[in-house]
Amino acid sequence: MIKRPNFHIKYLSSISSEKWIKLALSNPIEILIDHAHCERKAAGVAIQLMFKYPSEEKLAEVLSPIAREELEHFEKILYFLKDKGLQIKALQPPPYGSELAKNIRREEPCRMLDSFLIAGLIEARSHERLSILALNFEDASFRKLYSSLLESEARHFGIYWKLAHEKFSKKEISIRLDELARRETQILSETFPQPRIHS
């Protein structure tokens with residue numbers, strides 16, 4: 001029987017499907033390698049935002065530690081794979097990230113708001129799915145690895161929400177977050193038959 005976390009992330013408009021859970025659990029190595037790529041991409045997102053808004057001093061103070069932590073997670077997975085006699089490899093990425101990015105409006109300050117909210121949604125979905133993997137993998141070493149990453153994943157999406165709330169009104173955030181969350185669910189419902197964290 002599939003176990004689910006005993007919490008619901010209110011920012012997400014849906015929970016992960018049983019189809020995705022079964023696909024992920026049936027492909028532990030591939031899902032782990034994809035997770036490594038996700039950690040590296042997440043570090044890149046934080047760094048890109050710092051370059052995009054260089055005059056935002058507080059932004060750099062908050063996002064620089066996130067970028068470092070994401071890369072630490074990337075390295076942790078690399079060592080985990082190495083201990084099992086495996087190594088990272090290229091995987092076909094799902095359309096998830098690129099499709100979400102298409103929803104970022106070009107004009108400021110809307111661009112900043114959308115960037116924060118989409119980064120937060122990705123982190124929130126990662127937290128939900130890593131929680132599921134931590135509860136359901138048969139291999140205890142996999143469960144331990146995913147459990148060790150959960151706290152920081154939750155903190156990361158909280159930081160992006162906080163950044164949004166420091167710059168924008170609650171009403172503006174609520175309306176836009178609802179739109180983006182529904183689009184995020186739609187993207188996940190589109191067929192991508194490979195085991196990925198965001199497939």
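Hydrophobic clustering keeps Phe74 apart from Leu63 (ILVMFWY residues linked when any side-chain heavy atoms are closer than 4.5 Å, directly or through intermediates). Linking Ile, Leu, Val, Met, Phe, Trp and Tyr whenever their side-chain heavy atoms come within less than 4.5 Å puts Leu25 and Ile197 in one cluster. In the hydrophobic clustering of ILVMFWY residues, with side-chain heavy atoms under 4.5 Å counting as a link, Tyr53 and Ile159 come out together. With hydrophobic clusters built from ILVMFWY side chains whose heavy atoms lie under 4.5 angstrom apart, Leu163 shares a cluster with Ile9.
Looking only at side-chain heavy atoms (C-beta outward), His156 and Ile66 come within less than 4.5 Å of each other. With contacts defined as side-chain heavy-atom distances shorter than 4.5 Å, the pair Glu190/Gln186 qualifies. For the pair Ser152 and Glu70, the minimum side-chain heavy-atom distance is 4.5 Å or more. A heavy-atom distance below 4.5 Å is found between the side chains of Leu32 and Tyr146. Two residues are said to be in side-chain contact when any heavy atoms from C-beta on lie closer than 4.5 Å; Glu184 and Glu179 fail this criterion. Side-chain contact between His37 and Ile88: present, with at least one pair of heavy atoms (C-beta onward) separated by less than 4.5 Å. With a 4.5 Å cut-off on side-chain heavy atoms, Gln194 and Leu91 do not count as touching. Annotation: side chain of His165 is in contact with side chain of Lys170 (closest heavy-atom distance under 4.5 Å).
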### Task
Decide yes or no on side-chain hydrogen bond (donor to acceptor under 3.5 Å, both in side chains) for Ser13 and Arg182, but give the supporting numbers first.
CA-CA 6 Å; Ser13 68; Arg182 283 188 279 109; over 6 Å; no
Query - Working for side-chain hydrogen bond (donor to acceptor under 3.5 Å, both in side chains), residues Ser141 and Lys84 - result: CA-CA 10 Å; Ser141 64; Lys84 291 188 174 296; 3.2 Å; yes
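Salt-bridge formation is not detected for the pair Asp139/Arg143: no Lys NZ or Arg NE/NH1/NH2 atom is positioned less than 4.0 Å from an Asp or Glu carboxylate oxygen. Under a 4.0 Å N-O distance rule, the pair Glu69/Arg155 qualifies as a salt bridge. Salt bridge Lys3/Glu18: absent, no basic N to carboxylate O contact under 4.0 Å. A salt bridge links Arg183 and Glu99; the closest N-O separation between the charged side-chain nitrogens and carboxylate oxygens is under 4.0 Å.
Closest heavy-atom contact between Val45 and Tyr160: CG1-OH, 4.2 Å. Nearest heavy atom pair, residue Glu108 against residue Met112, reads OE1-N, 3.1 Å. For Ser199 against Leu188, the heavy-atom pair with the smallest separation is O-CD2, 3.6 Å. Closest of all the heavy-atom pairs between Asn103 and Asp114 is O-OD2, 3.4 Å. The minimum heavy-atom distance between Leu121 and Tyr11, with the atom names listed, is CD2-O, 3.6 Å. Minimum interatomic distance between Pro195 and Ile31 (heavy atoms only, all atoms of both residues): C-CD1, 3.6 Å.
Aromatic ring orientation, Phe168 versus Phe116: perpendicular (interplanar angle above 60°, classes split at 30° and 60°).
Between Phe142 and Phe80, the ring center distance clears the sub-6.0 Å criterion.
Lys167 NZ: 12 or fewer foreign heavy atoms inside a 6.0 Å radius.
Defined by atom type and a distance below 3.5 Å, a donor-acceptor pair is present between the side-chain atoms of Glu39 and His35.
Within the 3.5 Å criterion, the main-chain N or O of Pro95 finds a donor-acceptor partner in the side chain of Ser98. Here the side chain of Asn136 pairs a donor or acceptor atom with the backbone of Ile132 at under 3.5 angstrom.
Rounding to the nearest 0.5 Å places CZ of Arg196 at 5.5 Å from CG of Asp34.
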